[in-house]
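So the structure is just underneath, and the comments pick up after that.
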Amino acid sequence: MSDRYIHKEIETKWQKSWDEQGLYTTTEDPDRPKWYALTMLPYTSGDLHTGHWYAMTPSDAAARFRRMSGHNVFFPIGFDAFGLPAENAAIKSNVHPQEWTYTNVERMQGQLRRMGAMWAWDREAISCDPEYYKWSQWFFLRLYDSGLAYREFAPVDWCPSCNTTLAREQVWGEDRHCERCDTPVIKKDLNQWKFRITNYSEELLADLDNIDWPEPVKVMQTNWIGRSEGAQVTFTTETGAPIEIFTTRPDTLWGATFMVLAPEHPLVDEITTDDRRDAVAQCVDQASRLDEIARTAEDKEKTGVFTGGYAINPVNNERIPVWIADYVLMGYGTGAIMAVPGHDERDFEFAKTHDLPIQLVVQPPPDSEAGHVRTAGDLESAWPGPGTVINSGPINGTPVGKEKGESVKAAIAWLEQNGKGEGAVNFRLRDWLISRQRMWGTPIPMIHCDSCGTVPVPYADLPVRLPDDAQFKPTGESPLNYHEAFRYVNCPSCSGDAERETDTMDTFMCSSWYQYAYVDPYHKAGEPLAAGDTPWDSARGQYWLPVDQYTGGIEHATMHLLYTRFFTKALRDMGVVDFDEPMLRLFNQGIILGPDGERMSKSRGNVVNPDEYVDKYGADTVRGYLMFIGPWEHGGPWDPSAIEGVSRFLYRVWSVVNDEPHAGTAGGAAANDAARGLERKLHQTILKVSEDMAGFRFNTAIAALMEFNNHLVSVKQTLGAAEAGTAAAAIWRESIRTLLLMMAPIFPHVSEELWQRLGRGNNGSDVASVHLQAWPQADPEKAREDEITIVVQVNGRVRDKLSVAPSTAEDKLEKLALASNNVKRWMDGKQVRKIVVVPDKLVNIVIG
RNA sequence: GGGUCGGUGGCGGAAUGGCAGACGCAGCGGACUUAAAAUCCGCCGGGUUGAAACCCGUGUGGGUUCGAAUCCCACCCGACCUACCA
């Protein structure tokens, strides 16, 4: 073994040793408080990139810190293994997705080991394993039994490049593009399976108050769920058909001068008069193709056509025309609106474009910018603001507030009294579409039978296995459709000819419950399942669940993080778990950027390969560098020269701890002073680093460790060579041991190596691992300064400094300050008006 | 358009009401070396200065306070999210 720091040697050595010692095997120990630390699982892409290192190694440091602080920590790892890239690779190079996936898993396992993280490999779970997905299927059946899974024929979002439908959450941006390939989606009418996440809208919103999650995620989920209060009102067509509408402004019902239906609205056909049929058909057609055309942001002109039909406004029996327009969305509310052009900007614009009547029903306050408005004709734009209700029969004179208030309440009360409508709450959240027309996913365990209808696969028959020999043709239909042995089965109910569902599940289904799978992966492997089973060992689940600390990127705010919350609430209602939320605390790390400050991407050529840097500097340096860049939640650009600083730090620590100092050069008083100074610095550092580690502030923790090491360097010749048995020698030794303990979570390998060298007995035997040691405790008495600096200000400007003992009395500080020559000079004979004394900090003398 | 977060040396950042710039990178000077690398020591916001003292300085303008990078108001700039949501 070399006396130099050779990272490659020690990192491989200790990774192997920790494995052999079983340092990170999981045990349920009821005598110790548990801590479930979870980092978002990687997809089996084939390569662990810098982003993974940035997400995972600080997570590991936090978990290690918890462990040293006395918790029994569970820090599992696994793979999200189903999904399109595997299937696309299969189409391209004719390898089975399974082969592609497991080759990648193997490679990534190796890369993950190089991080030196405390992964619980004994609880690894891979989502494409049949013993994993049989439970995904079990969950599907339980959701189906609970009425939370249903099949519906409806227009859905389709990605023409991925050749599959998508959930609403996977359609992003103004141009409504696919979340994974950026292709704009189109609409298709298809029979698809959905989960009733909307049953939990209210609870998903309310429970955000009970979890310690970052505010941005809470805001994004709140907006996504999109709760709005208002009223449901029934209009009637002249032919007698009811048109339900939702409005947040029932107080403006008397100002409705026309109605607008979404082009896909089921009543469109019925209400359209013969003379308008061609124009309406053309508009409907155009709307259905709208998503195929890349819409420009400026093109906001409201297009629409008159249906020829009329409806009766229930509040005043007025006959108003019914239009269709694409600014009304079938997916929100009821797909029909009352248009109040006087007080809604979109309606106003539409009315102006199509020359429709405008009615004023809220008189703007005289002191407002619309104070001059007396009639609808005076309006230059809609007035959505406050005022007084006018032209509205029974609710005339009610004040309209800036927020929803009295006028809305009055309108709802009137509607309810007269049976015309009622108060209602509407959500933006849509049900979760989980069908995918792809092969590499969990088969949906359903069978379609001509005589029995849709029949669930019996629990005992799970898993419904993916065939090993499916053909991959990008047809837009699931390849399982073309696999006869898979597709044609007997009906479990009547034994007649039947067909399997050939769509597979969204991979977000697998990750909605993976935190539970880790507790006891592949539970009941090889055994038949029943509805009453629990998907993991109950004792293990009781001990570990729920997740105490989750870490991961914010990009999952309205996908995975919403789905897994829904899933947990559904499981609770099925009696599978007894808590409401899957992850009690969440931390979002930032994004690591390329050296140019841009997002890393192959096309930009700014991708940093972590393996290269691990080879050059070692895993400890890469870990430390990533944590030293700045606050973890900020992310930031990778700076190839700044990593040198962390590397140098480790070499300096190595030489401080490992290299013999030159023969003693100082003794007596000098050594005693230096020892007292070092002891103080040591305890101050413990305080600082403990706080920072607990708060994920790794950057300042590392800065404190560096500072402490610099201090050690400066006193090494004095103390490191002190005679054994002296107090000075004892403090030196305690200091370097404690430095290694504090470094262990961030720099696990080099800390272990130096810890062993330091502790090794005369016979050369190893001591217990540094990672099994307790986190050091600071003694505030020892951290206390003997002498502190008090700043003396005159009119808020620093004019002098005093050195005094801590806790010096205020009046004494005041006297000392006034006695200062500098202060006298600046006072220049002026009157003292006031003296502010902040104990242990400053004295400010106000003159003038 | 709406929302959230942010703006501090050449750079990453520290300080969240009390000495602005901890820690590190880059740079400059020096030691060691035949030389270079590595390492070690010193300097390192601007003005002014032989040096000290002093003055200016945390996106801009105003306010609160004995005292503001930090709190409040308005504005400018940037990042991210979201968007015809009735």
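Computed from a prediction, not measured in an experiment: that's the story for all the values here. Chain letters run A, B, ... following the sequence lines, proteins first, then strands; residues in each count from 1.
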Base orientation of B/G9, syn vs anti, 90° cut from 0: syn
Does the structure show a Watson-Crick or G-U wobble partner for B/A36, both distances under 3.5 Å? Name it, or say none. none
If you compare every side-chain N and O of A/Arg648 against the phosphate oxygens of B/A26 (OP1, OP2), does one of them come in below 4.0 Å? yes
Quick check: any donor-acceptor pair below 3.5 Å linking the side-chain of A/Gln793 to the base of B/G18? yes
Residue closer to the 5' end of RNA chain B, A/Pro216 versus A/Ile554 (nearest nucleotide): A/Pro216
Is A/Val260 touching bases, backbone alone, or none of the nucleic acid, heavy atoms closer than 4.0 Å? nothing
With a 4.0 Å cut-off on heavy atoms, is A/Arg833 in touch with a base, just the backbone sugar-phosphate, or nothing at all? nothing
Quick one: do the A/Asn426 and A/Ser228 side chains pair a donor with an acceptor below 3.5 Å? no
Taking any heavy-atom pair under 4.0 Å as a contact, classify A/Asn844: base, sugar-phosphate, or nothing. base
Classify the nucleic acid contact of A/Asn795 as base, sugar-phosphate or nothing, counting any heavy atom under 4.0 Å across all strands shown. nothing
Phosphate oxygens OP1/OP2 of B/C85: is one of them under 4.0 Å from a side-chain N or O of A/Asn426? no
By the 4.0 Å heavy-atom rule, please label A/Val219 as base, sugar-phosphate, or nothing. sugar-phosphate
Would you mind classifying the nucleic acid contact of A/Leu842 as base, sugar-phosphate or nothing, using non-hydrogen atoms under 4.0 angstrom? base
Candidate nucleotides B/C54, B/C80, B/A86, ranked by approach to the side chain of A/Arg599 - the nearest: B/C80
Report which part of the nucleic acid A/Ala642 touches: base, sugar-phosphate, or nothing (heavy-atom distance under 4.0 Å, all strands). sugar-phosphate
What is the nucleic acid contact for A/Trp826, judged by heavy atoms within less than 4.0 Å: base, sugar-phosphate only, or nothing? sugar-phosphate
Most 5' of A/Gly333 and A/Asp639 on RNA chain B, judged by nearest nucleotide: A/Asp639
Any Lys/Arg nitrogen of A/Arg430 or A/Glu169 sitting under 4.0 Å from an Asp/Glu carboxylate oxygen of the other? no
Under 3.5 Å, is there an N or O donor on one side and an acceptor on the other linking the side chain of A/Lys801 and the base of B/C19? yes
Across all strands shown, which nucleotide pairs with B/A79 by Watson-Crick or G-U wobble geometry, both distances under 3.5 Å? B/U4
Between A/Gln232 and A/Glu244, do the side chains contain a donor N or O and an acceptor N or O under 3.5 Å apart? yes
For a quick check of understanding: with a heavy-atom distance under 4.0 Å over all strands, which category does A/Pro637 fall into, base, sugar-phosphate or nothing? nothing
Would you mind classifying the nucleic acid contact of A/Arg652 as base, sugar-phosphate or nothing, using non-hydrogen atoms under 4.0 angstrom? sugar-phosphate
Select base, sugar-phosphate, or nothing to describe what A/Val846 touches, counting heavy atoms under 4.0 Å on all strands. sugar-phosphate
Regarding A/Arg799, tell me which of base, sugar-phosphate or nothing describes its non-hydrogen contacts under 4.0 Å with the strands shown. sugar-phosphate
Looking at B/C81, B/C19, B/A86, which one has an atom nearest to any side-chain atom of A/Thr789? B/C19
Under 4.0 Å between a side-chain N/O of A/Arg797 and OP1 or OP2 of B/C54, yes or no? no
